[in-house]
Structures are given as structure tokens and as C-alpha cells.
Amino acid sequence: MEGCAGMAEERESLEALVGRLLRECGRTIACAESCTGGLLTSRLTDVAGSSAYVMGAVVSYTNEVKASLVGVHEATLKAFGAVSEETAREMAEGVRRAIPANIGVGITGIAGPGGATAEKPVGLVYIAVAAEHMTHAVRHVFSGSRAEVKRQSTEVALAMVRDLLLDVPH
């Protein structure tokens, strides 16, 4: 995706910047959120005029919803689990197709305080951003309360979309 040349205006929130870039680039976005429970979509839609670029979202909290509505393969869920890079990638790609939109974001993780294992600690989050011909995913282990993990996850997701729109290499 070719980047847009927009620059951040002073004191512009990340969600406002992403919204402005989406508008300027003529792009749309769809989100598939698990551990963030819709917070990313809420942040995007907090910006006036967001109906021009936010196409929709799915809070895919269960594996059944990840598979049936977002298009995550059951084989992926079985082999790697709901909290994995592979699942985040398929969530981003799947929601982009299902809604449809130019950009898809998938977030899956363990916000806590429960649900962790030795291999997958509280705060482990995978975030993926998909656009035509590319999907970029990252792994983070955030610290703090459940609310803080969710907030940090959406901050990273917004930054990833911003970088995609500005054509920042990873």
C-alpha cells in the first residue's frame, strides 16, 4: 500500500490522526477484536465523521465466532490456539474480506487477570494489520491491569495502521 503524506497536527490523538489519514487516503477499516472487546472500534468511532471510513467490527471473543464470522480456520485454532500470531493474521485478513474494507485489524490476547498459562502469560497480545497483498503481525507482552492491557493493545494497533498509511517500513 502506498503511503499518504499526512503529518500529525499538534495534539491530535492517535485515533484522530488515523481517521484523518484513512479519509485522506480514501481507505476503509474493519476490526476483529477479541481481548480488547471492541475498544479499538470504540476509539476509532470516537472521532467525528468516522462513518466515512469505519466499515464495521466483530468482537470475536469465542473460537466459534472467530471461525464462523471472521473466517479463522478451525485448523489454525486447533494447532496454534486463539492467542497466536496465526490467529491474529487470519482475524485481520478475514474481517477485511467479511465486512469488506481496505484494511483489517485483528487483535487477540490474554487481558487477564485469569486465563494465562506458562507459555501464554497475562498481557500476551498478538495484533495484525492486513491490507491488499500484505499482513503484518506483532507480539507484545503488556503489563498492568486488564484495562491497561486493552488500552496498550489498541494504542499499538492504531500505530500500526498509522504506519501502514504513512508507508513506514517494518
Side-chain angles (χ1 to χ4, degrees), residues 1-4 14-15 17-18 21-22 25 27-44 53-63 65-112 115-117 119-144 148-170:
M1 174 178 278
E2 199 169 303
C4 296
L14 191 50
E15 50 265 42
L17 171 61
V18 167
L21 291 171
L22 285 163
C25 296
R27 300 287 192 263
T28 57
I29 192 166
C31 305
E33 302 184 60
S34 185
C35 66
T36 50
L39 182 59
L40 176 60
T41 306
S42 178
R43 289 184 67 182
L44 286 166
Y53 51 83
V54 176
M55 301 307 292
V58 176
V59 176
S60 53
Y61 223 60
T62 66
N63 285 353
V65 172
K66 284 177 181 70
S68 65
L69 294 181
V70 182
V72 176
H73 297 98
E74 293 196 24
T76 300
L77 293 166
K78 187 173 183 177
F80 302 103
V83 179
S84 65
E85 178 179 333
E86 294 81 3
T87 295
R89 285 177 173 275
E90 289 187 19
M91 287 171 68
E93 293 164 357
V95 77
R96 183 178 171 271
R97 283 188 305 271
I99 297 248
N102 301 112
I103 298 169
V105 179
I107 304 175
T108 185
I110 303 168
T117 66
E119 300 83 34
K120 295 183 179 184
V122 168
L124 174 65
V125 179
Y126 291 92
I127 304 163
V129 174
E132 188 176 3
H133 307 302
M134 66 77 59
T135 302
H136 177 67
V138 296
R139 175 189 186 274
H140 284 277
V141 180
F142 298 113
S143 60
E148 290 167 330
V149 168
K150 291 170 65 173
R151 178 73 181 182
Q152 291 171 79
S153 299
T154 63
E155 199 73 11
V156 169
L158 287 167
M160 289 173 69
V161 174
R162 176 204 59 206
D163 291 352
L164 172 70
L165 293 166
L166 292 174
D167 201 23
V168 175
H170 290 96

Engineer: Side chains of Thr108 and Val125: closer than 4.5 Å at any heavy-atom pair?
Structural biologist: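 They are not in contact (no side-chain heavy atoms under 4.5 Å apart), so the answer is no.
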Engineer: With rounding to the nearest 0.5 angstrom, report the OG1 to CE distance, Thr41 to Met55.
Structural biologist: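 These two atoms lie 13.0 Å from each other.
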Engineer: Applying side-chain hydrogen bond (donor to acceptor under 3.5 Å, both in side chains), name anything that partners Ser60, two or more places apart in sequence or on another chain.
Structural biologist: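 Scan of Ser60 (side-chain hydrogen bond (donor to acceptor under 3.5 Å, both in side chains), adjacent residues dropped) gives none.
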Engineer: How long is the gap from CD1 on Ile107 to OG1 on Thr154, to the nearest 0.5 Å?
Structural biologist: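 One gets 6.5 Å once the value is rounded to the nearest 0.5 Å.
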Engineer: Does some side-chain heavy atom of Phe142 sit less than 4.5 Å from a side-chain heavy atom of Val156?
Structural biologist: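 Yes. Closest side-chain heavy atoms under 4.5 Å.
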Engineer: Find out whether Met134 and His136 are in side-chain contact, i.e. whether some heavy atom of one side chain is under 4.5 Å from a heavy atom of the other.
Structural biologist: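 Side-chain contact under 4.5 Å: yes.
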Engineer: Measuring from atom CG of Leu166 to atom SG of Cys25, what distance do you get when rounded to the nearest 0.5 angstrom?
Structural biologist: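 The SG atom of Cys25 is 7.5 Å from CG of Leu166, to the nearest 0.5 Å.
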Engineer: Of the non-hydrogen atoms in Ala32 and Val70, which two are nearest, and what is the gap between them?
Structural biologist: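 For Ala32 versus Val70, the nearest heavy atoms are CB-CG1, 3.9 Å.
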Engineer: What is the minimum heavy-atom distance between Ala30 and Val95, and which atoms define it?
Structural biologist: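 Taking every non-hydrogen atom into account, O-CG1, 3.7 Å.
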Engineer: Looking at CE of Met91 and OG of Ser34, how far apart are the two atoms once the value is rounded to the nearest 0.5 Å?
Structural biologist: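 Met91 CE to Ser34 OG: 5.5 Å, rounded to 0.5 Å.
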Engineer: So, using side-chain hydrogen bond (donor to acceptor under 3.5 Å, both in side chains) as the criterion, who are the partners of Thr87 when residues are at least two apart?
Structural biologist: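 In terms of side-chain hydrogen bond (donor to acceptor under 3.5 Å, both in side chains), with neighbours along the sequence ignored, Thr87 is linked to Ser84.
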Engineer: In sequence, state the C-alpha distance, the side-chain angles, and the governing distance for Leu21 and Arg162, and then conclude on side chain to side chain contact (heavy atoms under 4.5 Å, CB included).
Structural biologist: CA-CA 7 Å; Leu21 291 171; Arg162 176 204 59 206; 4.0 Å; yes
Engineer: Tell me, please, which residues at least two apart from His73 pass ring pair (Phe, Tyr, Trp, His ring centres under 6.0 Å).
Structural biologist: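 His73: no ring pair (Phe, Tyr, Trp, His ring centres under 6.0 Å) contacts found.
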Engineer: Would you call Ile29 and Leu44 a side-chain contact if the rule is heavy atoms closer than 4.5 Å?
Structural biologist: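 Answer yes - side chains close enough.
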Engineer: Would a 4.5 Å heavy-atom cut-off, applied to side chains only, mark Thr36 and Glu33 as touching?
Structural biologist: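 With C-beta onward as the side chain, the pair touches.
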Engineer: How far does CG of Leu158 sit from CG of Asp163, to the nearest 0.5 angstrom?
Structural biologist: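 With rounding to 0.5 Å, CG (Leu158) is 11.0 Å from CG (Asp163).
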Engineer: Taking only residues two or more places apart in sequence, or in another chain, which ones meet Gln152 in a side-chain hydrogen bond (donor to acceptor under 3.5 Å, both in side chains)?
Structural biologist: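 Listed in chain order: nothing, the list is empty.
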Engineer: To the nearest 0.5 Å, tell me how far Leu124 CG sits from Arg139 CZ.
Structural biologist: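 Nearest 0.5 Å value for the CG-CZ distance: 5.0 Å.
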Engineer: Are the side chains of Ile103 and Leu22 in touch, meaning some heavy atoms are under 4.5 Å apart?
Structural biologist: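 Ile103 reaches Leu22 side chain to side chain.
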Engineer: Not counting sequence neighbours, list each pair that qualifies as a salt bridge (charged side-chain N to carboxylate O under 4.0 Å, His left out) and has a residue in residues 75-96.
Structural biologist: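 Pairs touching residues 75-96 that pass the test: Glu85-Arg89.
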Engineer: Please identify each residue that fulfils side-chain hydrogen bond (donor to acceptor under 3.5 Å, both in side chains) with Arg97, with sequence neighbours left out.
Structural biologist: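 In terms of side-chain hydrogen bond (donor to acceptor under 3.5 Å, both in side chains), with neighbours along the sequence ignored, Arg97 is linked to no residue.
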Engineer: Quick check: closest heavy atoms across Ala131 and Leu164, and the distance to 0.1 Å?
Structural biologist: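 Closest heavy-atom pair between Ala131 and Leu164: CB-CD2, 4.0 Å.
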